[in-house]
Structure formats: structure tokens, C-alpha cells
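Note that the structure is a prediction, hence the values are computed from the model and not measured. Residue numbers run from 1 in the order of the sequence given.
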Amino acid sequence: IGDSDIRKDMQSSGMRTIIFPDQSPAQILNGYPKGTMPDEYTGGVGKEGVENLRKFVEAGGTLVFLNRSSDFAIDQFKLPVKDVTRGLPRKDFYIPGSILRTELDTTHPIAKGMPQQSIAWFEQSPAFEIQTDLLALTNNFKIIARYPSDPKQILLSGWALGVEKIAGKAALVEFTIGKGKIVLFGFRPQYRGQSLATFPLLFNSISN
């Protein structure tokens with residue numbers, strides 16, 4: 001599926017799930033400018049595409065956002081969640097590519113068959129905090145994975161600066177929107193196509 005498909009009415013497309021790969025919100029929304037490459041590869045989903053995606057999920061579809069693309073969903077769908085890493089200077093927080101410990105809610109279908117403790121590949125990734133002050137909007141979410149509340153327990157391999165800023169924060173969240181759902185992955189579950197420890201989370205998010 002391409003941006004031009006999303007800019008069209010998707011209600012009769014027959015699709016059940018759309019996955020957005022790791023990409024910045026601006027790239028998803030606006031894409032490459034015309035003239036920088038062939039026309040079919042320019043432009044993003046645009047405002048029209050955002051509205052079509054909203055209708056798609058409200059009608060029962062599933063949108064899955066991986067890593068940085070989660071910020072696009074937060075912005076465009078006004079989700080009651082904050083990416084606590086957004087805007088932090090590198091001198092205060094920087095995890096360029098490390099393996100972090102996660103704690104899973106194994107009662108949730110997306111974590112089916114997973115152990116209670118798992119891992120995530122964190123590479124310039126978001127971490128989520130539900131905005132509980134928006135009481136009317138916070139009944140439609142489930143936290144499926146979070147980082148340990150003890151900062152010393154988070155890093156498993158690699159290095160991390162300012163890891164305490166994500167302690168206890170969510171790494172994987174599901175929102176119910178109308179008849180459908182939006183799933184935010186705060187990491188890359190398919191990293192290099194070798195992420196056997198997190199593939200089940202991605203596959204379950206598609207099948208459920």
C-alpha cells in the first residue's frame with residue numbers, strides 16, 4: 001500500500017491491518033517534495049489520508065505504528081499519551097541502539113505466548129506515558145509492555161544515557177478507537193528481521 005492508496009477511500013479495500021514502519025511523523029505526513037524523485041514516490045499521506053485512516057480504524061481496522069511512527073499517531077489522532085523522550089537533548093537522554101528489559105502483561109492477546117519478562121531493541125525510540133488528567137479519554141487503552149520502574153534493571157546490553165527518564169514508562173500500548181484499534185510500539189519489533197524475541201508481539205498485533 002502506498003501513500004496514494006491511503007489518500008483514497010479505503011472502506012472497500014478489504015484491508016484489516018496497516019503497519020507503519022519506523023519513520024518520522026513529518027515524513028509520513030508530507031513525504032518527499034515533488035521534483036526530488038519520480039512523482040509516484042513523492043508526497044505523504046496528507047490531511048486527507050489522516051482522515052481516511054481515522055475512518056478505517058473507527059470502522060474496525062487496525063493501525064500498527066512501529067518506533068518513531070508512533071509519534072505520528074499521537075499527533076494526528078490526538079491520543080491521550082505522551083512520548084516522554086520527545087524533545088530531550090542528547091546530553092540528557094541518548095540510547096542509540098541497545099537491548100532493554102521489558103515487563104509484559106501476558107493476559108493481553110498481543111502478549112499471548114510470551115514470557116512475563118522480555119526485551120526490546122531501543123534505537124532513538126519513544127516511551128509512553130498515559131495522560132491520566134484526560135479522564136474521559138483514558139478508558140480506551142491497555143499497556144501491554146513497560147520498562148522496569150527501577151532504572152538499574154532496564155539496560156541489558158549496550159549503553160544508555162538518562163535511562164531513568166523511561167523507568168516505569170510504557171513500551172507497547174493499544175488504544176481502542178471506535179470499532180478498531182491503534183497499536184503503538186515504542187521499539188522496533190522486527191529489527192533486522194532477526195527479532196525472534198519480539199516477533200510474536202508484532203504478529204499478535206496483526207492477528208488480533
Side-chain angles (χ1 to χ4, degrees), residues 15-25 28-29 45 50-88 100-122 124-149 154 165-190 198-208:
M15 290 183 292
R16 294 176 51 201
T17 304
I18 300 174
I19 302 174
F20 284 79
D22 178 25
Q23 198 172 20
S24 74
I28 297 172
L29 184 64
V45 301
V50 170
E51 186 58 30
N52 287 337
L53 290 169
R54 184 186 303 278
K55 292 177 181 177
F56 172 80
V57 71
E58 287 177 347
T62 297
L63 299 177
V64 179
F65 294 88
L66 308 184
N67 213 46
R68 293 176 300 158
S69 67
S70 293
D71 284 330
F72 170 84
I74 293 172
D75 293 344
Q76 299 301 324
F77 300 111
K78 310 301 181 187
L79 300 178
V81 61
K82 175 184 177 183
D83 171 10
V84 298
T85 73
R86 208 167 183 180
L88 291 177
L100 307 186
R101 178 181 281 110
T102 57
E103 299 170 346
L104 302 182
D105 175 6
T106 55
T107 65
H108 193 282
I110 287 181
K112 180 181 178 180
M114 294 285 290
Q116 194 277 327
Q117 286 200 353
S118 188
I119 66 172
W121 175 261
F122 192 105
Q124 301 179 26
S125 301
F128 309 118
E129 181 178 69
I130 303 298
Q131 301 297 279
T132 53
D133 54 323
L134 302 174
L135 295 177
L137 299 175
T138 53
N139 294 324
N140 65 337
F141 76 95
K142 295 289 185 182
I143 295 176
I144 303 158
R146 66 171 73 243
Y147 298 108
S149 56
I154 297 176
K165 297 186 183 302
I166 63 171
K169 305 305 182 186
L172 175 57
V173 187
E174 178 190 80
F175 287 92
T176 300
I177 308 292
K179 297 180 181 179
K181 58 191 176 183
I182 293 176
V183 182
L184 305 183
F185 279 85
F187 52 94
R188 296 168 64 185
Q190 83 306 8
T198 49
F199 274 154
L201 296 171
L202 178 60
F203 297 152
N204 287 341
S205 71
I206 298 169
S207 63
N208 287 286

J.: Drop me the distance from Leu202's CG to Arg188's CZ, to the nearest 0.5 angstrom.
T.: 12.5 Å
J.: Within the distance-only criterion (no hydrogens, no angle test), does the side chain of Ser70 pair as donor or acceptor with the backbone N or O of Leu66 below 3.5 angstrom?
T.: no
J.: Go through the structure and list residues passing side chain to side chain donor-acceptor pair (under 3.5 Å) with Ser205, not counting sequence neighbours.
T.: none
J.: Measuring from Phe122:CZ to Arg101:CZ, what's the distance to the nearest 0.5 Å?
T.: 16.0 Å
J.: Give the intermediate values and the outcome of side chain to side chain contact (heavy atoms under 4.5 Å, CB included) for residues Val45 and Phe72.
T.: CA-CA 11 Å; Val45 301; Phe72 170 84; 3.9 Å; yes
J.: So, using ring pair (Phe, Tyr, Trp, His ring centres under 6.0 Å) as the criterion, who are the partners of Phe65 when residues are at least two apart?
T.: Phe20
J.: Keeping to residues at least two apart or across chains, list the salt bridge (Lys or Arg N to Asp or Glu O under 4.0 Å) pairs with something in residues 109-120.
T.: none
J.: Please round to the nearest 0.5 Å and tell me the distance separating atom CD1 of Ile206 and atom CG of Asn204.
T.: 9.0 Å
J.: Would you name the heavy atoms of Pro25 and Asp75 that are closest together and state the gap between them?
T.: CB-OD2, 4.2 Å
J.: Under 3.5 Å, is there a donor-acceptor pair between the side chain of Ser149 and the main chain of Gly168?
T.: no
J.: Working to the nearest 0.5 angstrom, can you tell me the gap between Gln76 CD and Ile182 CD1?
T.: 11.0 Å
J.: Could you work out, with side chain to side chain contact (heavy atoms under 4.5 Å, CB included) as the rule, every residue matching Arg146, not counting sequence neighbours?
T.: Glu103, Ile143
J.: Taking all non-hydrogen atoms of both residues into account, name the closest pair between Leu201 and Ala111 and its distance.
T.: CD2-CA, 3.9 Å
J.: Hey, does the side chain of Asp83 reach the backbone of Pro126 with a donor-acceptor pair shorter than 3.5 angstrom?
T.: no
J.: Got a donor-acceptor contact below 3.5 angstrom from the Thr62 side chain to the Val183 backbone?
T.: no
J.: Distance check, rounded to the nearest 0.5 Å: Leu100 atom CG versus Tyr147 atom OH?
T.: 5.5 Å
J.: To the nearest 0.5 Å, what is the distance between CZ (Phe187) and CD1 (Ile119)?
T.: 9.5 Å
J.: Pair Gln116, Leu104 - check side chain to side chain contact (heavy atoms under 4.5 Å, CB included), show working.
T.: CA-CA 5 Å; Gln116 194 277 327; Leu104 302 182; 5.8 Å; no
J.: Side chains of residues 172-180: which donor-acceptor pairs under 3.5 Å do they make with residues two or more places apart or in other chains?
T.:
{"unit_1": "Glu174", "atom_1": "OE1", "unit_2": "His108", "atom_2": "NE2", "d": "3.2"}

J.: Kindly write out the residues that satisfy side chain to side chain donor-acceptor pair (under 3.5 Å) with Lys169, not counting sequence neighbours, or none if the list is empty.
T.: Glu129
